[in-house]
Structures are given as structure tokens and as C-alpha cells.
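Let me begin by presenting the structure, written as C-alpha cells, before commenting on it.
Start at 1 and go down the list; that is how both ligands and their atoms are numbered. Along the sequence shown, residues carry numbers from 1. Source: prediction; values computed, not measured.
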Amino acid sequence: MLHGLRNWMAPQLALDLGTSNTRISLRGEGVVLNEPSVLALQKESRKILGRGAAVGKLARQMVGRAPDSIRTVQPLSRGVITDYELCEAMLRYFFRKVAATGWRSRPRVLIPVTGGITLVERRAVFNSVERAGAGKVFLIGKAKAAAIGAGLPISEPMASMVCDIGGGTTEIGIFSMAETISSQSLRVAGDEFDQAIVDYLRERFALRIGLPTAERLKKEIGAAFPLEQQLSRDVSGLDIVSGVPRKTIVTSEEIREAVRGPINRILNKIKLAMESCPTELVSDLAETGIVLSGGGALLRGIDLQFNEQLGIPIRVAADPLTTMVRGGMICVEHLDQWRDSLDDGYAAA
Ligand code: ADP
Ligand code: MG
């Protein structure tokens, strides 16, 4: 009885603690927060700027533009927490923001985590999130959360496959009867696309650009498959030879060439996941195909490129940026159904 009452009182939320973005979905309210996973600090004191308010969107505006005395920090790198203290501070800020009316008890929080996470890194997630204000923390694999969020019938006896391309990691999973049949996690995703664009412009045009500019090019004209209508943009950077600013025109075809390497590495991991899967399930996949989620799924023509390379149907999830957090919310709402898929910190999953 007491247990039931506590469950009823505790707010429940799904927390997608992404390398690039943090999203929170509240039970009964849907997605209530969607902010970059970034903080801006005074370099010397390590104090958060704006009296602790330079977190998320506000901090993101400073990335790459901040003066020397200011540092912008992402507390996660490639899917895992790299700065515990700042991660905790960021989460405390976000929790406070979504609890505008106040919580009477500490919330139960479900968090999707990368498949490549170690036990120590799992511990760090439990600790940071609990210290930021959570009552009870549950972890689930990112690929499974994404599959559930995309509405895949993963409890059915046929195979479902998802590939979530975030900023820091790509999570690949094949599921059947609610079990993970095969999974792969790789540290190649959106950030690597940006880096590949920086490298390409340096090598091809002797032009140095920053990562934020590369990301903008990727979003505005980037493609993974030849476009019917080529896009192009003026880009300014630093001429490596003369050391002065210079402009050049970059096309979608050039961006496609730039990101080909990381795209192929993702495709190779998808093939690896399929190879270690029972044949019967692989033949299911020829029908059901793969659903793509995460920000990387928004790259133009990525579905066409994957389809050409893999020969199976590829579909981009509806609203791919929130697929993961919505999947987490579904698990929170049906905790009993998904209990076996969750790690509550007592047993190593
Ligand atoms: P994470 O789970 O790591 O927080 P997200 O799923 O939020 O990541 O996706 C962030 C990544 O998606 C970034 O690398 C970002 O540049 C990329 N992204 C966002 N929108 C687009 C777009 N329209 N085209 C290509 N990439 C995009
Ligand atoms: Mg993500």
C-alpha cells in the first residue's frame, strides 16, 4: 500500500542525456525540455556564467565565440559522462526548470545509455543523476529505447532493427520478443561528420573552419546521397597558406564526399550486427528493414544511401530527435512490462 502510494506520488520522467542534447519527457506532459548538453564557465573559477544560468541553449550560443576567459563545456563525450561535477550541475538546472511547480518527492528517472558503456560509467550515471535530484534511477539501452520510441513491434517474434545516429555515438540494435538479438555501438556519429567536413575543407581548399561552421554546412547543404538539385553555400574560413580570412563555395556533393568515411563506418557496423543474427531473423529484416533515429537521421538522403548499400527498406522515424526520449517515456509508463530490460543499479545488466 505504502509502496503504491509512493509510486503514485513520485513524478516520473525519461531523461535522454545525449552527447549533444538533453531531453526530458514528463509523465502525462510529454517532452518538456530539449536543450543542448552544454555549460558556459568562467575559466579561472569554473563557475557557471550568468549566476548558474548559462546552461543549455544560452551556453550553446557561446560555443566557438566565447572570449578567452570563458569556456564552453560538454559534460558528455561519445555517449558517456566525462565531467561528473558539471553533468550534475547541468541536470540539477534542467530538473529545476521542468519542475516549475515543484516536486513533492524526488522523481523516478529512466535513462537510455549507450551500449558501449562500462560498469564504472554506468555507476557514474546513477551517481550524477541521483545527486542532481532523482529518487530512483533506471537505465535502458539506447537502441532499445529508440526502437520503442519509433513504435517498432520489438515484443513480437519477428525482427525489428533500429539505428540511432546521435552526436557522439551511433547505436544499432536488432530485437525480437523484447530481447536484444544483436547490437553494436560505435563512436562515430554527427560529431564525426562535422570533423570530416573540417578535414575535407582543409585538405581540398586549404581552408580552416571551426566545428560549428562545419555543423551548419552539414545541416544546410549536407547529403549522404546525390541530390536531384545540388545545394551550395558560401563559407568563410582562414586560408591556411596566407593566414587571412577567405571565402569559398562548397556544394552538397562535396559534403557528401567529406562524410563518406564516417557513413561507411556506420554501414559496416550495421552489417556486423546483421551477421551475428540468426538467419531467420535476418530474412525478416529484408521485409521490415531499419528505422533511423537521432539527429544524424536528418542528413539528406541518408535513407537512400543506406538502402542502396544494404538493399533493405530504410525509414526515418517521425521526429527523430525525440524518438529516444519518447521511447524512454513509454517504458516509464509501462514499467512492469519493460522491467526485465531495465538496470536499476542492483544487478549488472
Ligand atoms: P545526441 O543523442 O548525441 O544528443 P542528437 O540525436 O540530438 O544527438 O543529434 C545531434 C546530432 O544530429 C548533431 O551531430 C547534429 O549536428 C545532428 N543534426 C541535427 N540536425 C541535423 C540535420 N538537419 N542534418 C544533419 N545532422 C543534423
Ligand atoms: Mg541521442
Side-chain angles (χ1 to χ4, degrees), residues 14-25 31 33-38 56-57 60 63-64 74-82 87 90-91 94 110-117 125 139-150 162-173 185-198 210-225 227 231 233 252 255-256 258-259 262-263 266 291-303 305-306 316-329:
L15 168 67
D16 177 8
L17 186 53
T19 307
S20 306
N21 298 290
T22 299
R23 292 160 186 122
I24 294 178
S25 179
V31 183
L33 182 128
N34 185 353
E35 302 226 19
S37 309
V38 188
K57 287 177 188 147
R60 166 83 198 207
V63 174
Q74 285 183 288
L76 283 95
S77 172
R78 303 182 180 257
V80 296
I81 301 173
T82 43
C87 185
M90 179 177 83
L91 289 177
F94 287 154
L110 182 131
I111 308 167
V113 291
T114 172
I117 198 167
V125 178
L139 309 186
I140 187 171
K142 277 191 169 179
K144 195 176 258 186
I148 294 169
V162 75
C163 173
D164 180 278
I165 306 172
T169 65
T170 294
E171 310 286 336
I172 298 160
S185 169
L186 70 157
R187 297 179 165 198
V188 174
D191 293 348
E192 285 288 311
F193 297 166
D194 302 346
Q195 187 60 52
I197 293 168
V198 169
L211 287 168
T213 303
E215 184 184 25
R216 194 154 37 78
L217 282 174
K218 173 183 73 177
K219 289 184 182 175
E220 290 179 4
I221 64 165
F225 195 77
L227 300 179
L231 300 167
R233 277 288 179 284
S252 43
I255 301 293
R256 185 171 75 87
V259 301
I263 288 280
I266 293 172
V291 172
L292 306 181
S293 66
L298 290 168
L299 186 65
R300 286 174 194 78
I302 194 164
D303 49 346
Q305 177 65 11
F306 278 29
V316 176
D319 194 8
L321 290 167
T322 61
T323 304
M324 182 92 68
V325 76
R326 286 185 287 108
M329 193 72 253

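Closest approach of F94 to G56, counting heavy atoms only: CZ-CA, 4.1 Å.
When only interatomic distances are considered, the shortest N/O to N/O separation between D194 and ligand 1 does not fall below 3.5 Å. Any N or O atom pair closer than 3.5 Å counts here, and L321 shares no such pair with ligand 1. Ligand 1 has an N or O atom lying under 3.5 Å from an N or O atom of K218, backbone or side chain. On a distance-only criterion, G167 and ligand 1 share at least one N/O pair closer than 3.5 Å. Polar contact check, K219 against ligand 1: no nitrogen or oxygen pair lies under 3.5 Å apart.
Within ligand 1, the atoms closer than 4.0 Å to a non-hydrogen atom of T19 are 1 (P), 3 (O), 4 (O), numbered from 1 in the order shown. Against a heavy-atom cut-off of under 4.0 Å, G168 is close to the following atoms of ligand 1: 3 (O). Per-residue contacts place G18 under 4.0 angstrom from the following atoms of ligand 1 (heavy atoms of the residue considered): 1 (P), 2 (O), 4 (O). The ligand atoms of ligand 1 that sit less than 4.0 angstrom from a heavy atom of L299 are 24 (N), 25 (C). Per-residue contacts place G296 under 4.0 angstrom from the following atoms of ligand 1 (heavy atoms of the residue considered): 12 (O). Against a heavy-atom cut-off of under 4.0 Å, G294 is close to the following atoms of ligand 1: 6 (O). Applying the 4.0 Å criterion to heavy atoms of E215 picks out, from ligand 1, the atoms 13 (C), 15 (C), 16 (O).
No hydrogens or angles considered: nothing links the side chains of Q74 and T19 as a donor-acceptor pair under 3.5 Å. Between the side chains of S185 and T169, no donor N or O sits under 3.5 Å from an acceptor N or O.
Looking only at side-chain heavy atoms (C-beta outward), D191 and Q195 stay at 4.5 Å or farther from each other. By the 4.5 Å heavy-atom criterion applied to side chains, I172 and L186 are counted as neighbours.
Listed for the T170 side chain is no donor-acceptor partner under 3.5 Å among the backbone atoms of I165. Between the side chain of E35 and the backbone N or O of T22, no donor-acceptor pair lies under 3.5 Å. Between the side chain of R23 and the main chain of L321, a donor-acceptor pair closer than 3.5 Å is present.
Note on ligand 1: R23 sits in its first shell, one or more heavy atoms being nearer than 4.0 Å. Distances from ligand 1 to the non-hydrogen atoms of G222 include no value under 4.0 Å.
Checked for salt-bridge contact, R60 and E215 meet the test: a charged N lies under 4.0 Å from a carboxylate O.
Nearest to atom 5 (P) of ligand 1 among the protein's heavy atoms is G295 N, 3.8 Å. Scanning all protein heavy atoms for the shortest distance to atom 23 (N) of ligand 1 gives L298 CB, 3.5 Å. Counting protein heavy atoms only, atom 7 (O) of ligand 1 is closest to N21 ND2, 2.8 Å.
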Before you tell me yes or no, could you show the steps for I221 and R233 under side-chain contact (heavy atoms from CB on, under 4.5 Å), namely the whole-Å CA-CA distance, both residues' side-chain angles and the distance that decides it to 0.1 Å?
CA-CA 7 Å; I221 64 165; R233 277 288 179 284; 3.5 Å; yes
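Paired with S293 under the rule side chain to side chain donor-acceptor pair (under 3.5 Å), one option of T323, D164, T322 passes, and it is D164.
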